[in-house]
Amino acid sequence: MQLLGCDVAALNTVHFSNHTGYRQFKGTRSTAQEISDLYQGLCQSHLTDFDVMLSGYAPVLQHARPSQTLAHFFGVCSTLSLLNSPLTVNQPTVLDPVMGDQGRLYVNEDVVPAYKKIIHHADLILPNQFEAEVLSGIKITSLSTLAEAITAIHTTYSVPHVIITSVRISQFSSSPETTTDNLTVIGSTIKSDGSPRLFRVDVPALDCFFSGTGDMFAALTVARLREAVFAADSTLRSTKSWATVKVLASMHSVLERTLEARDVELRATASAEKTEPGLSEGEKQKREYLRRTKAAEVRVVRNARFLREPDVEFQAREWKKEDLPAGLQ
């Protein structure tokens, strides 16, 4: 967000030595009171004239209920601060319901009902496929259940805009245009009759697990939405999927270059791992996992030019009528 020109007031919910993808870390988690104190500090100095609010990671909390922290971090900030804004246009509020991925939660189970309680505050939510399943209560196993899950989220939480940030449509689509080498982002805006207006963007999948891509997608989306809302070029506000297309172009460029840098680093460190004596088999496996995780750290800052001026290759298109289940066409 800062690289795209946003001044950011960050209220950190954790202070960790490293991200949790390493499977080990040291540090502390913020309590609801600490988040509240930080926000009150902003208020007392009249520093709450924000254009947009973005939620983030709220893990297991030792001394407070997750719902309290989320309420302070999202509900309070997104309503009070935006009401205090001197700007006259509608400010977007964005919720990234960070709960889990690949079929498992990585937050305390109490975080789930807390998110469900506050989602109605949001203009846009950014779940991944697993989080969309958790929020909708629908297992996504087909194009039909995917559309049903999106519709359920619109209906249940009164959220006007939803972007599911990663779906493997090849898992349940036999369409000749769907390949196993693609990831698909599905976006939806609710129509006046309650049905979803769906679009999709297909991007090539990269053969690597990157930690933090959901955070990256959310941050870039906020920055691009802000640009569209406040831009001098008013046509951006009515250009369908403009922000999502820009975000994915930036991400693909950065991740491609991260993959290249990862391979270089892995080749450079391979010999040292093989020659170190005295390690047990378990320790060797752990070292190898840590080596690969470190090598795959996303190279954001060194590729900042692709954040600012991405080369757009992948275009959004409407989800074809024949792809939708009966009743959602």
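Counting all heavy atoms, side chain and backbone alike, F130 lies closest to D101 at CD2-N, 3.5 Å. Among all heavy-atom pairs drawn from K191 and P196, the shortest one is CE-O, 4.0 Å. Summarising the geometry of G41 relative to Q44, their closest heavy-atom pair is O-CG, 3.2 Å, with the distance given to 0.1 Å. Closest non-hydrogen pair, T258 versus A296, comes out as CG2-O, 3.9 Å. Of all non-hydrogen atoms in F217 and I163, the two that sit nearest each other are CZ-CG2, 3.8 Å. For the residue pair I125 and I119, the shortest heavy atom distance occurs at CG2-CG2, 4.1 Å.
Other residues, nucleotides and ligands place no more than 12 heavy atoms under 6.0 Å from the CD atom of E309. Within a 6.0 Å radius of CG in D193, more than 12 heavy atoms belonging to other residues, nucleotides or ligands are found.
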side-chain contact (heavy atoms from CB on, under 4.5 Å) between E260 and V264, worked out: CA-CA 7 Å; E260 294 170 0; V264 171; 5.8 Å; no
Chi angles and distances behind the side-chain contact (heavy atoms from CB on, under 4.5 Å) call for T221, L124: CA-CA 10 Å; T221 296; L124 166 66; 3.9 Å; yes
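The shortest side-chain heavy-atom distance between I150 and H154 falls under the 4.5 Å cut-off. E148 places a side-chain heavy atom less than 4.5 Å from the side chain of S144. For the pair L183 and R168, the minimum side-chain heavy-atom distance is below 4.5 Å. The shortest side-chain heavy-atom distance between V94 and M53 does not fall under the 4.5 Å cut-off. The shortest side-chain heavy-atom distance between V167 and V185 does not fall under the 4.5 Å cut-off. F199 has its side chain within reach of T244: a pair of non-hydrogen atoms, C-beta onward, lies under 4.5 Å apart. Taking the side chain as every heavy atom from C-beta outward, L3 and R308 approach each other to under 4.5 Å. When side chains are defined from C-beta on, F16 does not count as touching T28, because their heavy atoms never get closer than 4.5 Å.
Listed for the H15 side chain is no donor-acceptor partner under 3.5 Å among the backbone atoms of N12. For S136 (side chain) and I138 (main-chain N/O), a donor-acceptor pair under 3.5 Å exists by modelled atom type. Side chain of R226 to main chain of V52: no donor-acceptor pair is present (N/O by atom type, distance under 3.5 Å, no hydrogens or angles). Using a distance-only test at 3.5 Å, with no hydrogens or angles considered, a donor-acceptor pair links the side chain of S280 to the main chain of E283. In this structure a side-chain-to-backbone donor-acceptor pair under 3.5 Å is missing from N182 to A205. Remark: the backbone N or O of T145 is paired with a side-chain donor or acceptor of S142 at under 3.5 angstrom. Within the 3.5 Å criterion, the main-chain N or O of L135 finds a donor-acceptor partner in the side chain of Y157. The backbone N or O of G100 lies less than 3.5 Å from no partner atom in the side chain of R104, so there is not a single donor-acceptor pair. With N18 contributing its side chain and Q24 its backbone, the two residues share a donor-acceptor pair below 3.5 Å.
Between R292 and E288 there is a salt bridge, since a side-chain N of the basic residue sits under 4.0 Å from a carboxylate O of the acidic one. We find that E318 and R200 are not joined by a salt bridge, their nearest charged nitrogen and carboxylate oxygen being 4.0 Å or further apart. A salt bridge is absent between E281 and K286: the closest approach of a Lys/Arg side-chain nitrogen to an acidic carboxylate oxygen does not fall below 4.0 angstrom.
One distance of note links OG of S250 with CG of L255; it measures 10.5 Å at 0.5 Å rounding. If you take CG on L146 and NZ on K139, they are separated by 12.5 Å, rounding to the nearest 0.5 Å. Distance check: E131 CD to T165 OG1 gives 7.0 Å after rounding to the nearest 0.5 Å. Expressed to the nearest 0.5 Å, how far NE2 of H161 lies from CD1 of I153 amounts to 14.5 Å.
Residues I140 and Y115 are members of one and the same hydrophobic cluster, defined by side-chain heavy-atom contacts under 4.5 angstrom among Ile, Leu, Val, Met, Phe, Trp and Tyr. No continuous path of hydrophobic side-chain contacts links I190 to V162 [ILVMFWY only; heavy atoms under 4.5 Å]. By the criterion of side-chain heavy atoms lying less than 4.5 angstrom apart, applied directly or through intervening Ile, Leu, Val, Met, Phe, Trp or Tyr residues, V8 is grouped together with L4 in one hydrophobic cluster. Tracing side-chain contacts under 4.5 Å through hydrophobic residues (I, L, V, M, F, W, Y), one reaches M1 starting from M251; they form part of the same cluster. Hydrophobic clustering (side-chain heavy atoms under 4.5 Å, transitive across Ile, Leu, Val, Met, Phe, Trp, Tyr) groups L307 together with V203.
Defined by atom type and a distance below 3.5 Å, a donor-acceptor pair is missing between the side-chain atoms of S55 and D96. In the model, R197 has no side-chain atom that pairs as donor or acceptor with a side-chain atom of T189 under 3.5 Å. Side-chain contact, T184 with D202: a donor N or O sits under 3.5 Å from an acceptor N or O. Using a 3.5 Å distance cut-off with no hydrogens or angles, the side chains of T93 and H121 do not pair a donor with an acceptor.
Taking the ring centroids of H19 and F25, they lie at or beyond the 6.0 Å cut-off.
Of the options F306, F210, F314, a ring pair (Phe, Tyr, Trp, His ring centres under 6.0 Å) to H252 is made by F314 and by none of the others.
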